[in-house]
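Presented below is the structure to which this report refers.
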Amino acid sequence: MSPEAHSAPRSLAESLRMRDDASLAALLRSRPDLITPVPTDLTQLATRAGTRASVLRALERLDTFALQTAEALAVAPDPASYSELLGLMAGDAGDETVAAALPRAVATLREQALVWGDDERLRLVRTARELLAPSPQHPSPTGLGPTVQEAGSGMSPGRFQEIVTTAGLGSTHDSVSAVAALTSLFTDRTKMTALLAEAPEASREVLSRLVWGPPYGQVTPDPAAHLRWLLDRGLLLPTGPGTVVLPREVALHLREGHAHRAPEPLPPAVEPAATHAPQVVDATAAGQAYTSLATVEELLKDWDEGGPAVLRAGGLSVRDLKRTAVALDVPEPVAAFWVELAYAAGLLASDGEADERYAATPAYDEWLERPPAERWARLAEAWLTATRTPGVVGGRDPKDRALSALGPGLDRSAAPEVRHRVLILLAGLPQGTAPTAESVLARLRWERPLRGQQREGGDDDLRSRLARWTLSEAELLGVTGRGALSAHGRALLGATPAAASAASSASAADAAGSGSPKTSGPGDKLPVHHRPAAHAEPHSPVERAVASAAAARLLAPLLPEPLDHVLLQADLTAVAPGPLRRPLAAMLDVLADVESKGGATVYRFTPASVRRALDAGRTAADLHAFLTEHSRTPVPQPLAYLIDDVARKHGHLRVGAASAYVRCDDDALLNEILADKRAAALRLRRLAPTVLAAQSDPGTLLEGLRAMGYAPAAESAEGDVLITRADARRTPPRTAPEPVPDGPPPPDATLLSAAIRAIRAGDLAATTPRKTAGAPLAGGELPRTSSAETLATMQAAVLTGGSLWIGYVNAEGSASQRVIAPIRVEGGFVTAYDHTADEVRTYPLHRITGVAELADD
C-alpha cells in the first residue's frame, strides 16, 4: 500500500471513487461500453463494469499474461495478497521474469476494473471470478479443481474424520476443523512431501495424470488398492457417484506452487524471414501500388456500360465473379478482393434500378481526376478501416448460405483492428525486414488469447485468418513490398520507424513491469501511461486523413511518370511504353482495344474500335490529328486507311426508333440489306425507297447490322446522330459502406472529459450528506417536500448562496437527483448552477419532487 492510502476500499464503487480523472479516463477508454450511455454516478459505473457482457468483453481484450493473472486470482483466496498471487504465478522456486512482469499485469487488471483493492487485499470482480473459477461444468483454464472445503462440502462428518485420522492427523470435534486440518496438511510442503513419499508408485502415477488437468476422474464402487490409498487420505475426494477430484491444494503442491504449467509473461518475438534494402522494398511496393490502381480502373471500365446483375439476396453470382477474374487475369479470391476494395472506397455500387446491376459511382470520376498517389491513398485507407472481409467469399454463413462478393454477411468487426495490429508489428521491425507469418500469428494469439478461441471453421481461428489475409492483401495493394512494410505504408499508419518500433515493443516492455509490486496511490489510482501503446486503436478520421496525405507524398516520387505519347506500328497496334496521362489513356481506351499488358501496354486498332470512337462524337479528322499529336512514330498508312474507310461508311445508314427503322439516301444499299439472308432475323420491310422498318428495338438492329459488316449510326427523334460515350453508365450518388464496429467506438477526449465531469457531479449528488427533517432517505430515493417548502428553501438558498439537493422529473418522466446552487426564483422557474451538468440551467418548480439542504461537512 502507498503511504497516503488512508483506508482500503470496501467495494468496486469505492475503489473507483478513489481514482483520479486520468485513471477514470483510462478505464472508459479501454472499456468504451461503460460509457454508452454515460453512467449517472460511480455506483452505476461500478455496477455496469460488473455485468457479464461487459466483463466478457474486457477479458477478451486481455493479453495472455494478464489473463493468466486473472485466472490465478480466480483460484486464489478471496481476497488474496500480492505475495499469494506472486506465489501462484512464479511458483515456489520463483521466476524472475514472471515476477518482473506481474506488476504490469495487475495494473492492467486494475485499470480495467477487473481487480480492485490494495496489494494486501486484491479482489477479482465477482463476475470474472464466476467465469474463470473452476467448476465441474466449466473447468478452470489453469486445470485446477475445487479446494478441499469446496470438494468436501457434501461429505459426511464421519467420513472426514476417517480421512483425517488415516492421513496421520488427530481427530477433531467437527467437520469444519477437520477441513481446516486437512487443508493445513496439504499446504505444508514438508509434510506433503513426506506423505507422498509413502504413496505406492501406482498412486503417484494417478496423481501425475490429474495434476495439470482436468482434475476429475472416474472410480468403480470397489476401487483398486492404489486408488483406495488416495481416497483414504483425501488426496482424491468424491464429487458424486463414481467421480473423484484432485483437490486444488494437492495439485498446487505437485505443481510446486504454479497455477499454470507454462506462464507466458513476455510476448513472442516477431521473427524476421528475410531482409531487403529499404529502397528495394519501397520500389517493389510502389510498383504494386500502381498495378492496384490499374486493376481497379480496369475493373470499373469493364463495368462502365453496366456491370453484373445483383443477386436477389445481394451480391455477385459465382459466374459473374469468375468472369471478372478472367477479365482481370487473377484468381477468383483476388478478384473478390479488388471488387470489395472498390466497393469499400465508394467507387462501386448497385444502381438501384428495377433490373439492378452494379456500376461505377459518380465518385469514381472524381477519383480518376486525382493524382495517382492520392488515388492509392484512398484505396489503402478504405482497406485499412473496412470491416468487410473478402477472404470469407465462397464460404458459408451460420445458416449454411453461400457468402458472395458484394453480398451481405461479409463484415467481420475485428478486421480493422487485426489489420492495424499486423502492420504495427511489421513497422516494429527494422526497415526492409519481412517477418515470418507464423511468428506474427503467434504474437497475435498472445495478445488476444480469448478472441483466438473464436473459431470459424477449419483449423485456424478467425483472427489468424484475418492476419494471413492482411499479409497477402497488403502485398497486393502495395502497402508492403517483398513482405516488408514500405515507407508509405508506415506513413499510412501515422508512424515513424522509431515510433512504430516503440509501439511494437510496448507489450514486451509493459509485461516486464517495474520489477517490484507497487501501487500508485490510494486504492486504485493509476496513471494513464499504464495503457499499452501496442494496443492503440486505429486513428480518428482527422488523423487518418493526415496519415493518408503523408503516405501519398512519400509514394508520389516512386510512381512512374505518366507519358504523353505512344508508338504506332504498321500492324495496326500502338505500344504505350509506360503509364499514360489521363486524357490520352481515356481516348485510347475508346479508339483501340487492349491486347496485352505488362511493362508496356499494347493497343490494337480494329474497325469496331474505330467505329466506337466515331460513335463517341469524334470525326476522322479528329482521330488523325490525335494520333499525329501523340505518336512518336509516323502514323502508319494501314491505320490511316482503316480510319478513313470506317468513317466513310459510318452514319451512311441511320437507325432510329419506330420500333426501329433504317434510313439511307442510297436505296441500292437498302436493297442489298433486304436481300441478305442474315437480315431475316431483323424482320425488315420497306416503308419508302430510303426507309426500312424493323420489329426489333434500335439497339438490336444496330448490333445486327454491324454484325453484317455495315457501320450504321443511331439517330435521335430530330434526326441528329446520337453520340454514345463509354463512361455513360453511372449509379446515383452513393456513400461507401459504413464499417460495422466491434462494440462501441473508443470515446474521444471531449466525450471523456464531459462524461467524467457528469459522473463526478452525479456521484456528488448521490453521496453528499443531506439535512433531512425526518427519517433518512433510502439509497436512490428522491427527496419529497411540499410546493411551499420547496419554494421557501429555494428562496433561502438564493439569499445564502448555498447548494441544494433536488429530485427532478423531466418531460419524458425520467427521474434524477441533482445538486444545484439557485441563482434566482421567479415565474414558477428556478435558475441555478447545476453541479451535475456543470452549467447554468432553468428548471420548472412543478417538476421538482422535493429539496434538501446539504450537510455542512
Minimal non-hydrogen separation, [X] against [Y], with atom names:
{"X": "A434", "Y": "L429", "value": "C-CD1, 4.4 Å"}
{"X": "P215", "Y": "G143", "value": "CD-O, 3.6 Å"}
{"X": "L246", "Y": "A251", "value": "CD2-CB, 3.7 Å"}
{"X": "L210", "Y": "P214", "value": "CD2-O, 3.7 Å"}
{"X": "P247", "Y": "L235", "value": "CD-O, 3.1 Å"}

To the nearest 0.5 Å, how far apart are [atom1] in [X] and [atom2] in [Y]?
{"X": "R233", "Y": "T165", "atom1": "CZ", "atom2": "OG1", "value": "11.5 Å"}
{"X": "L34", "Y": "R29", "atom1": "CG", "atom2": "CZ", "value": "13.0 Å"}
{"X": "L266", "Y": "T64", "atom1": "CG", "atom2": "OG1", "value": "11.5 Å"}
{"X": "L109", "Y": "L73", "atom1": "CG", "atom2": "CG", "value": "7.0 Å"}

4.5 Å side-chain heavy-atom contact, [X] and [Y]:
{"X": "P146", "Y": "V245", "result": "yes"}
{"X": "L466", "Y": "R419", "result": "no"}
{"X": "R123", "Y": "V115", "result": "no"}
{"X": "F186", "Y": "L252", "result": "no"}
{"X": "P134", "Y": "R248", "result": "yes"}
{"X": "L45", "Y": "L24", "result": "yes"}
{"X": "L207", "Y": "L254", "result": "yes"}
{"X": "W446", "Y": "L441", "result": "no"}

Between the side chains of [X] and [Y], is a donor N or O closer than 3.5 angstrom to an acceptor N or O?
{"X": "R261", "Y": "T142", "answer": "no"}
{"X": "S439", "Y": "T436", "answer": "yes"}
{"X": "S54", "Y": "R48", "answer": "no"}
{"X": "D461", "Y": "S464", "answer": "yes"}

Between [X] (side chain) and [Y] (backbone), is there a donor-acceptor pair under 3.5 Å?
{"X": "R129", "Y": "A74", "result": "yes"}
{"X": "S184", "Y": "A180", "result": "no"}
{"X": "S81", "Y": "E84", "result": "yes"}

With the threshold set at 4.0 Å, does a side-chain nitrogen-carboxylate oxygen contact exist between [X] and [Y]?
{"X": "R468", "Y": "E438", "value": "yes"}
{"X": "E201", "Y": "R204", "value": "yes"}
{"X": "R255", "Y": "D92", "value": "no"}
{"X": "E447", "Y": "R463", "value": "no"}

query: If you count the non-hydrogen atoms of other residues, nucleotides and ligands that lie under 6.0 Å from CD in E14, is the total more than 12?
result: yes
field: Over 12 non-hydrogen atoms of neighbours within 6.0 angstrom of CZ in R10
entry: no
Which pairs would a plain distance check flag for residues 151-163, meaning a side-chain donor or acceptor within less than 3.5 Å of a matching protein atom at least two apart in sequence or in another chain?
{"from": "S153", "atom 1": "OG", "to": "E150", "atom 2": "O", "distance (Å)": "3.1"}
{"from": "S156", "atom 1": "OG", "to": "R159", "atom 2": "N", "distance (Å)": "3.2"}
{"from": "R159", "atom 1": "NH1", "to": "E162", "atom 2": "OE1", "distance (Å)": "3.1"}
{"from": "R159", "atom 1": "NH2", "to": "L231", "atom 2": "O", "distance (Å)": "3.3"}
{"from": "Q161", "atom 1": "OE1", "to": "T172", "atom 2": "N", "distance (Å)": "3.1"}
{"from": "Q161", "atom 1": "OE1", "to": "T172", "atom 2": "OG1", "distance (Å)": "3.4"}
{"from": "Q161", "atom 1": "NE2", "to": "T172", "atom 2": "O", "distance (Å)": "3.2"}
{"from": "Q161", "atom 1": "NE2", "to": "T172", "atom 2": "OG1", "distance (Å)": "2.7"}

Check against salt bridge (Lys or Arg N to Asp or Glu O under 4.0 Å), R209 and E205: CA-CA 6 Å; R209 290 200 301 267; E205 176 64 24; 3.8 Å; yes
